[in-house]
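Each chain gets a letter, A, B and so on, in the order the sequences are listed, and its residues count up from 1. The basis for the numbers below is simple: all heavy atoms, side chains too, and nothing from hydrogens, waters or symmetry mates.
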There are 2 protein chains.
Amino acid sequence: MNPNDLNERKLQILQAIIADFITTGEPVGSRSLSKSHDMGISPATIRNEMSDLEEMGYLTHPHTSAGRVPSDKAYRLYVDELMDTSQLDEADKQKIRTKLLESRNELDSTIEHAAELLSDMTNLTSFVLMPRKDESKLKYINFLPVDSNTVVLMIVAEDGQVMNRAIRLTSPYTEENLQLMSKVMTHNYMGKSISAVMAMDIIDSFTNDMESLSNLAQDVVPSFLKTLEKMLNADLVMNGYSNIFSLPEFSGDMQKTQQFLRMLEDKNRLTDVIVNRDKGVMITIGDENSEDMKDLSLITADYRVNGELVGRLGVIGPTRMKYGKVTSVIKYISDNISQTFELKEKNDVKEEHNDDGSTEADS
Amino acid sequence: MNPNDLNERKLQILQAIIADFITTGEPVGSRSLSKSHDMGISPATIRNEMSDLEEMGYLTHPHTSAGRVPSDKAYRLYVDELMDTSQLDEADKQKIRTKLLESRNELDSTIEHAAELLSDMTNLTSFVLMPRKDESKLKYINFLPVDSNTVVLMIVAEDGQVMNRAIRLTSPYTEENLQLMSKVMTHNYMGKSISAVMAMDIIDSFTNDMESLSNLAQDVVPSFLKTLEKMLNADLVMNGYSNIFSLPEFSGDMQKTQQFLRMLEDKNRLTDVIVNRDKGVMITIGDENSEDMKDLSLITADYRVNGELVGRLGVIGPTRMKYGKVTSVIKYISDNISQTFELKEKNDVKEEHNDDGSTEADS
DNA sequence: GTTAGCACTCAGGTGTTGAGAGTGCTAACA
DNA sequence: TGTTAGCACTCTCAACACCTGAGTGCTAAC
């Protein structure tokens, strides 16, 4: 368990096995190991050490006459103690910076580009999450006329999140009612958090107090609540799921491929898993994950905007992945996003602006 | 070529072969055919007919000693002349109606539900497209303050389409400038079509005429253009891509599966294909499609809102699919969407409302 | 025109075999 | 006592042969 159980040589051998296995995907034998990594000991000695390592749980054996394969425990040790996370060369860094700068003024496209970079550079499936926050407060609510029986509901939160939705009405509306509704709802919910508003008994408040609006409210409130709910739900974007076909562990095994893709298709489940991970860079390997991901690894990191935690991005792939490279890519990308959107602030704010929300109060 | 070339018996045999092959996926032999469909002729006779049909291009032979498989031409004939598109029983219809009614007031979720229904009931990959229209005209443009260096751009079109995007500014803004910008842009572009606005030289107009706004314009106009572009681009939603794993033609063939999924992952390409199809129910089979879909079939149909063409939905799968059933499902769903959003109008409009856009003119 | 009979074809499953890569054990060596 | 060479053994994998079943095409008889 404790890496101190392992003497220098065992560690060296383990590292060599992991490195070889990660690049080739083939079980590593004693002879080929002694050839590729010249460490001045014979295959027989390596075999003895391997046997010990297996007993300690760091290696496994697909079958008697196969080479050794690192266990999840070995990957854990590797990730914690052995791996090199500074594998990004200047060209890679340049590539990341360039692509992210392309869309520096728009958070949304920056995020999309980040996902693309991530799957391209790791050759794995990447995802990006824009978590919505319960605590984010409403700023204004607005209903816009579209045609005789359709309106658009628009909700803006203080943190800049905007959500809109077309609503079909069952009874006709008047322009005045619509404006009144916008005003009343903005007045009632401005400054309140999304979750707080969702907990209120909204329909009732209209039927009781505002006779004239109750018809409109019947149509509009359910959609309003659904829209709030959608604002709370994190939005998951995925990229490069067909990358798995280039991995030998999948390309031979239809069963596994199918399982992987079905897992990805259940977005709610996956979102849940990602949302509930620890902050910062987090790596979970094989059986550290839940049952349905037990031979996959997950690496995630957070990105910030204005120093505030806003989202999470990461990759998912087989336990055999280039942890060092992948981790450095993820780190570099997330830091870069965070920095881009932080630097600006420091440089740019020369003048404080008035932000009392008055723009919308008269609409 | 002409189905008149085929006598009654040939047609009957061809139909039987197609039916068998669609359900089993196995090449159909003369003996098994004569057993399953009792048509009072011996296998030998069937063989002769099959041989004729093959010569005419309706059947093919995977190899000498295999049964016959329908060609794309046969499917074409089947779809045009033989298939039964009234295969939906009341339970299925009920299921569709119920699910679509769940979200009757919101177009967006209705569409999502439609996609789910479609892939569930056909066991294929479904997609739904919300085409944006070049001709849709802008209604208002609004910039909303978020924090000291972020604003949200919101564009509303006359047809109810709303698009928003967070923009990071490189230089600070004032509340007044923001409001002015909203007013100016709304004034300039209101009533113009998206494509017309995109063709205009927007930045120039600011640097020349509006000195005070030129800084803000520098930051904001590129994002404005990108957002317009996004409004033009159709938004493709897909569902059930892992359904292909249950199909024998894929589950044995990794190559094919990979090709299929890679094709689906290229959304731009796929969107293009779908956008450019004919109106109404359209079925394209095998080599009637482009090279990369030459052993797939595509069925699409349009749905309307207020009698106006707004979107398209469909499925994609192997040429061996239950054309009758699938077509009826697609038809029923698209009709149902269209009807839901048409019926309402007829029932509900008792009062004409004022729609001069004045709500936003003073914001 | 239809059918029975028969020779022929071919994919796919099964069994066998040999090569190759690897292990574990033992005995010798430093 | 740790290291190594040697060797028997194991297991996968690819190649090969073989068989079976399903199917065809052809021919001759009905």
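One atom, CE of M50(A), and another, P of dG22(C), lie 9 Å apart when rounded to the nearest Å. Between the CD atom of E49(A) and the P atom of dG24(C) there is a distance of 13 Å, given to the nearest Å. In this structure, the CG atom of L59(A) is 14 Å from the P atom of dG22(C), given to the nearest Å. Protein atom NE2 of H63(A) is 9 Å distant from nucleotide atom C1' of dA21(C), rounded to whole Å. As a whole-Å value, the separation of I13(A) CD1 from dT23(C) P is 12 Å. The CD1 atom of I46(B) sits 15 Å away from the C1' atom of dG25(D) (whole-angstrom rounding). Straight-line distance from the NZ atom of K35(B) to the P atom of dG21(D): 13 Å, rounded to whole Å. Between E8(A) atom CD and dG2(D) atom P there is a gap of 18 Å when expressed in whole angstrom units.
Pairing for dA28(D) goes to dT3(C), judged as Watson-Crick or G-U wobble with the two contacts each under 3.5 Å. Remark: dT9(C) base-pairs with dA22(D); criterion is Watson-Crick or G-U wobble with both hydrogen-bond distances under 3.5 Å. Here dC11(D) sits opposite dG20(C) as a Watson-Crick or G-U wobble pair (both hydrogen-bonding atom distances under 3.5 Å).
K256(B) and D295(B) are not joined by a salt bridge, as no carboxylate oxygen comes within less than 4.0 angstrom of a charged side-chain nitrogen. With respect to R269(B) and D292(B), a salt bridge is recorded, a charged nitrogen being found less than 4.0 Å from a carboxylate O.
Comparing atom distances between the A44(B) side chain and each of dA4(C), dT12(D), dT4(D) picks out dA4(C) as nearest. The listed nucleotides are dT4(D), dT24(D), dT23(C); the one nearest the side chain of S30(A) is dT23(C). Counting only heavy atoms from C-beta on, N48(A) has its side chain closest to dT4(D) among dG25(D), dT4(D), dG24(C).
The side chain of R68(B) contributes an N or O atom lying less than 4.0 Å from OP1 or OP2 of dT24(D). OP1 or OP2 of dT4(D) has not a single side-chain nitrogen or oxygen of R31(A) nearer than 4.0 Å. One finds no side-chain N or O of S32(A) lying less than 4.0 angstrom from the OP1 or OP2 phosphate oxygen of dA21(C). In this structure, R47(A) does not reach the dA5(D) phosphate: none of its side-chain N or O atoms is under 4.0 Å from OP1 or OP2.
Position along DNA chain C of the nearest nucleotide to S65(B) versus S42(B) favours S42(B) as the more 5'-ward residue.
Side-chain contact check for N123(A) versus K322(A): every heavy-atom pair is 4.5 Å or farther apart.
The aromatic rings of F260(A) and F250(A) sit tilted, their planes meeting at an angle between 30° and 60°.
Looking at S30(B) and R47(B), their side chains do bring a donor and an acceptor atom within 3.5 Å of each other.
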